[in-house]
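Some notes on the structure that comes next.
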Amino acid sequence: MRIATWNVNSVTARLPRLVEWLGRAGPDVVCLQETKVGAGEFPAGAVAPLGYAVAEHGEGRWNGVAVLSRVGLADVSRGMPGEPGFPDARTVEARTLAVTCGPVRVRCVYVPNGRSPGDPHYQYKLRWLAALADAVAAEAAASLPFAVMGDFNVAPADADVWDPAAFEGATHVTPAERAALRRLQKAGLRDLVPRIAKGPRPFTYWDYRAGAFHKGMGMRIDLVLANAALAAAVTDAFVDREARKGTAPSDHAPVVVDLALPS
DNA sequence: ATGCCTTTCCCAGAAAGA
């Protein structure tokens, strides 16, 4: 079976590209981030003809996550235990949901951006990642194949950005963010690094401006973190760069993982 | 890249993204 994650930067704006990509790539399970539609507003009717059921967690203008599956949807869990909000606990955002799809369980995540290391949003990001580590510990230890996948807004290593010098003083590369990511992985989750397609690293995000995509100025911030049962079944992992080309693309490309599991 | 694009709110420009 084939699973994937893609930050679409508005499912409304990206719907033609999403439908085209579903038809071309044929994933069985897709985690989407930044859907930017409210609860119940996901265009499920546009993906139903392709065989996909939708579990969505949305709030409106910002954020929003969804899981599309054509191999079943069960045990939908929106949000996570102990999830912090921004600016405070009264305003928890739509950033994660977990779903069981046939033989696998996936947790779709859209980690807070952090804005800048001195910003309250950065502390929120670290708190959110800490809560995520606690929330997935039990699922990661299970015998059921499980993955936390989505837009982590953290580049795991310096090699995961096009120019480390350009990120001095910026978020996504700080030691605290990377430590939070490592703590999450300590639950037994392995970073399924996609194979190289072009350039030195399998980047997943490129800024819209200044031709960043064509200049190779990217980052690897969209990750699939898999438990042992899922990692053992991986036959391929790659970035679908075609989805970043052409008319009106998202600024992220999908990460696709193939598994030797019955779908 | 100190947001040079894009999307949302909704019709003007601010907020947010990474």
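Just so it is clear: chains get the letters A, B, ... in the order the sequence lines come, proteins before strands, and each one is counted from 1.
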- If you find the nucleotide of DNA chain B closest to A/His252 and the one closest to A/Pro249, which residue's nucleotide is nearer the 5' end? A/Pro249
- Message: So if I apply the side-chain hydrogen bond (donor to acceptor under 3.5 Å, both in side chains) rule between A/Asn7 and each of A/Arg14, A/Gln33, A/Glu34, which one comes out positive?
- Response: A/Glu34
- Which pair of heavy atoms, one from A/Lys245 and one from A/Glu242, lies closest together, and at what distance? NZ-OE2, 2.9 Å
- In whole angstrom, what separates A/Asp163's CG from B/dA1's P? 11 Å
- Pick the P atom in B/dA15 and in B/dC4, then give their distance to the nearest Å. 14 Å
- Checking only heavy atoms, does the side chain of A/Asp207 share a donor-acceptor pair with the base of B/dG17 at less than 3.5 Å? no
- Message: Distance check, P atoms only: B/dC10 and B/dT6, in whole angstrom units.
- Response: 22 Å
- Check every atom of B/dT6, B/dC4, B/dT7 against the side chain of A/Ala210 and return the nucleotide holding the closest atom. B/dC4
- Message: Under 4.0 Å, heavy atoms only, any strand: does A/Thr12 hit a base, just the sugar-phosphate, or nothing?
- Response: sugar-phosphate
- Query: Between B/dC5 atom C1' and A/Phe213 atom CZ, what is the distance in whole Å?
  - Reply: 16 Å
- Query: What distance do A/Cys31 atom SG and A/Arg107 atom CZ have between them, rounded to the nearest 0.5 Å?
  - Reply: 10.5 Å
- Message: Any side-chain N or O of A/Arg14 below 4.0 angstrom from OP1/OP2 of B/dT7?
- Response: yes
- Query: Can you tell me how far P of B/dT6 sits from CZ of A/Arg244, to the nearest Å?
  - Reply: 9 Å
- Atom CZ in A/Phe238, atom CG in A/Asp258: separation rounded to 0.5 Å? 6.0 Å
- Between B/dT8 atom C1' and A/Glu59 atom CD, what is the distance in whole Å? 12 Å
- Query: How are the rings of A/Tyr205 and A/His252 set to each other: parallel, tilted or perpendicular (split at 30° and 60°)?
  - Reply: tilted
- Query: Counting any heavy atom closer than 4.0 Å, what does A/Asn7 reach on the DNA or RNA strands: base, sugar-phosphate only, or nothing?
  - Reply: sugar-phosphate
- When rounded to whole Å, the CG to P distance for the pair A/Asp251 and B/dA1 reads 18 Å
- Query: So, is A/Arg115 near the phosphate of B/dG17, with a side-chain N or O under 4.0 Å from OP1 or OP2?
  - Reply: yes
- Message: Output the rounded distance in Å from CH2 (A/Trp62) to P (B/dG17).
- Response: 7 Å
- Among B/dC9, B/dG3, B/dA1, which nucleotide sits nearest the side chain of A/Arg61? B/dC9
- Item | Distance between C1' atoms of B/dA1 and B/dA12 (Å, rounded) | 25 Å
- Message: Taking only the P atom of each, what is the distance from B/dA14 to B/dG3 in whole angstrom?
- Response: 15 Å
- Is A/Thr171 touching bases, backbone alone, or none of the nucleic acid, heavy atoms closer than 4.0 Å? nothing
- Per A/Lys36 side chain, nearest of listed nucleotides B/dC9, B/dT7, B/dG17: B/dT7
- Do you know the tightest heavy-atom contact between A/Asp222 and A/Thr204? OD2-OG1, 2.6 Å
- Task: Give the rounded distance in Å between these two atoms: CG of A/Asn153 and P of B/dA16.
- Result: 15 Å
- With a 4.0 Å cut-off on heavy atoms, is A/Tyr122 in touch with a base, just the backbone sugar-phosphate, or nothing at all? nothing
- Item | d(CG, A/Asn63; P, B/dT7) in whole Å | 17 Å
- Task: Find which nucleotide of DNA chain B each of A/Ala248 and A/His172 is nearest to by heavy atoms, and output the residue with the more 5' nucleotide.
- Result: A/Ala248
